[in-house]
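Here's the structure we're looking at; comments come further down.
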Amino acid sequence: MAVGLAESPSRGLAPMPTLNAAKLLSRDADESQRLLQACKVYGFFYLNLETPPTGFMVKAWRDVLSFMDDYFDLPDATKMLDAHDSDITGYEPCGTSTGAKPGHVDHYESLKVSLEQCLSGVEANLPAAIAKNKELFTSFVQGAHELTLSMLSCLALAMGLPPGVNKIEAAHDTSRASTSTMSMFRYPAQTEEEARNAGGHNQHTDIGTLTFLLCQQPGLQVLSPQLNKWLDVEPRPGHAIINVGDSLRYLSDQQLFSAVHCVLPHEGRQLQHRHSIAFFLRPADDAEYTDSRGAKITAREWHNLKFDHFRASHAEQANNVILTGGMEKAGIHRAHDSSSAGQTVAA
Ligand SMILES: O=C(O)CCC(=O)C(=O)O
Ligand SMILES: [Fe+2]
């Protein structure tokens, strides 16, 4: 049975393993095995950033948050000067996609800067507000890029694939264009009136390879593959939340699990602004795989198709397997070695 939108309060916290960023950066073999199991069983895990060499990311997190406080407080008309109708760079106001409840639009605004803009080193390529903080953003994006790429090497190691040249790593060759991007989100505080038509972030699976997410406030929920019910993802200081996206599931021939998730305020409406920061690692635009419909598609085409679908009505979204990659349907929770997780899968 498919599970509907997360309209009721979720019960319980999502059980998620914790991995160590420093060990993954040094390609530790045991940590790589734990990473593989986390991606196969949950598709979501915590990443401890607090030890060197990733401690600088915790400081950058604070600095980006204080930038976001100032940026999102600007008048709408000023922020709209940064809106370029793009899904990888610039500003996007609230209400452009379908929301987390039936009949609602979303309730988050975002400011994005692409990996390519950051790597180009050319200030003129960056959104103006970001160009003023070029060092902060380039070091954050490079740090998140290096970390997520190192996770792909660790996964290849744990899967016994030839280093560097395997299908997964080869699809992330940095000399080719991609839609990898950093996105800053504000879910603004809402009045009761505002909450009647808008709320949260609709259920979805992520488009890309791995998502590196920093958040301090609750609201994120995951559809547990084990229990087939919505659970809260508890934010943890000094830890990123990492999840597998559709592209990595497809490139791994469905071995890795991209869990369905959404954002909903606990209290029924957003009482205070909620902020989150994401880096979305995605494959090179021309990388190819077979998607959830069984179609051969490039990573760029999947990205564009999925974003169009985020903007479609709930009724259209329910008609196919694009929004959640078919992951919420019973039976897709394929059997896995339950010994590794100490849990069995409710199919
Ligand atoms: O804001 C969050 O915590 C999650 C956002 C998210 O799931 C996404 O942008 O893909
Ligand atoms: Fe997401």
Side-chain angles (χ1 to χ4, degrees), residues 5-6 10 13-14 16 39 42-47 61 64-65 68 72 86-100 105-114 144 148 179-190 198-223 225 230-237 239-249 256-266 270 272-282 302-303 306-307 309-311 317 322-325 327-328:
L5 291 167
S10 68
L13 294 182
M16 292 177 4
C39 293
Y42 300 98
F44 260 83
F45 57 89
Y46 292 107
L47 186 69
W61 179 356
V64 173
L65 279 176
M68 290 165 70
F72 288 116
S86 162
D87 292 316
I88 57 172
T89 183
Y91 176 73
E92 195 170 56
C94 289
T96 57
S97 292
T98 318
V105 291
D106 75 61
H107 192 63
Y108 59 85
E109 52 186 331
S110 64
L111 178 66
K112 295 178 186 166
V113 58
S114 75
T148 45
T179 55
S180 295
T181 194
M182 171 185 181
S183 184
M184 290 164 273
F185 297 102
R186 172 182 277 186
Y187 298 71
Q190 290 175 296
H201 194 139
N202 196 9
Q203 62 175 338
H204 64 283
T205 47
D206 286 350
I207 298 167
T209 308
L210 288 167
T211 300
F212 173 94
L213 181 78
L214 300 177
C215 63
Q216 295 180 333
Q217 294 154 285
L220 181 62
Q221 297 182 22
V222 61
L223 183 57
W230 289 98
L231 297 173
D232 291 319
V233 177
E234 188 180 43
R236 273 212 218 153
H239 290 67
I241 294 164
I242 312 290
N243 66 284
V244 173
D246 296 330
S247 300
L248 184 52
R249 180 160 64 98
L256 307 182
F257 192 92
S258 57
V260 181
H261 55 284
C262 70
V263 177
L264 261 182
H266 276 277
Q270 200 65 49
Q272 292 175 340
H273 300 327
R274 175 182 185 273
H275 292 121
S276 60
I277 306 164
F279 174 73
F280 297 103
L281 177 72
R282 300 191 180 123
W302 179 251
H303 170 273
K306 191 117 172 171
F307 261 106
H309 214 67
F310 288 158
R311 297 185 262 263
Q317 289 172 349
I322 297 172
L323 183 71
T324 52
M327 295 304 287
E328 85 283 20

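Just so it is clear, the values below take in all heavy atoms, side chains as well, and ignore hydrogens, waters and symmetry mates. For ligands, and for the atoms within them, numbers begin at 1 and follow the listed sequence. Index from 1, following the sequence.
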Worksheet item: Are there any protein N/O/S atoms under 2.8 Å from the Fe ion (ligand 2), and if so, which?
Response: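 Near the Fe ion (ligand 2), the protein supplies His204 NE2, Asp206 OD1, His261 NE2.
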
Could you tell me whether the side chain of [Y] reaches within less than 4.5 Å of the side chain of [X], counting heavy atoms only?
X      : Y      : answer
Arg274 : Arg186 : no
Cys215 : Phe185 : no
Trp61  : Ile277 : yes
Leu231 : Phe44  : no
Gln216 : Pro237 : no
Phe257 : Val244 : no

Item to complete: Report all protein residues having a heavy-atom distance below 4.0 Å to some atom of ligand 1; order the list by chain, then number.
Response: Phe185, Tyr187, His201, His204, Asp206, Leu213, His261, Val263, Arg274, Ser276, Phe280

Discussion item. So, using side chain to side chain donor-acceptor pair (under 3.5 Å) as the criterion, who are the partners of Glu109 when residues are at least two apart?
Written reply: Lys79, Tyr91

Worksheet item: What residues form a ring pair (Phe, Tyr, Trp, His ring centres under 6.0 Å) with His303, not counting sequence neighbours?
Response: Phe307

Discussion item. For a side chain to side chain donor-acceptor pair (under 3.5 Å) check, start with the C-alpha distance between Thr205 and Lys306, then their side-chain angles and the critical distance, and finish with the verdict.
Written reply: CA-CA 10 Å; Thr205 47; Lys306 191 117 172 171; 2.8 Å; yes

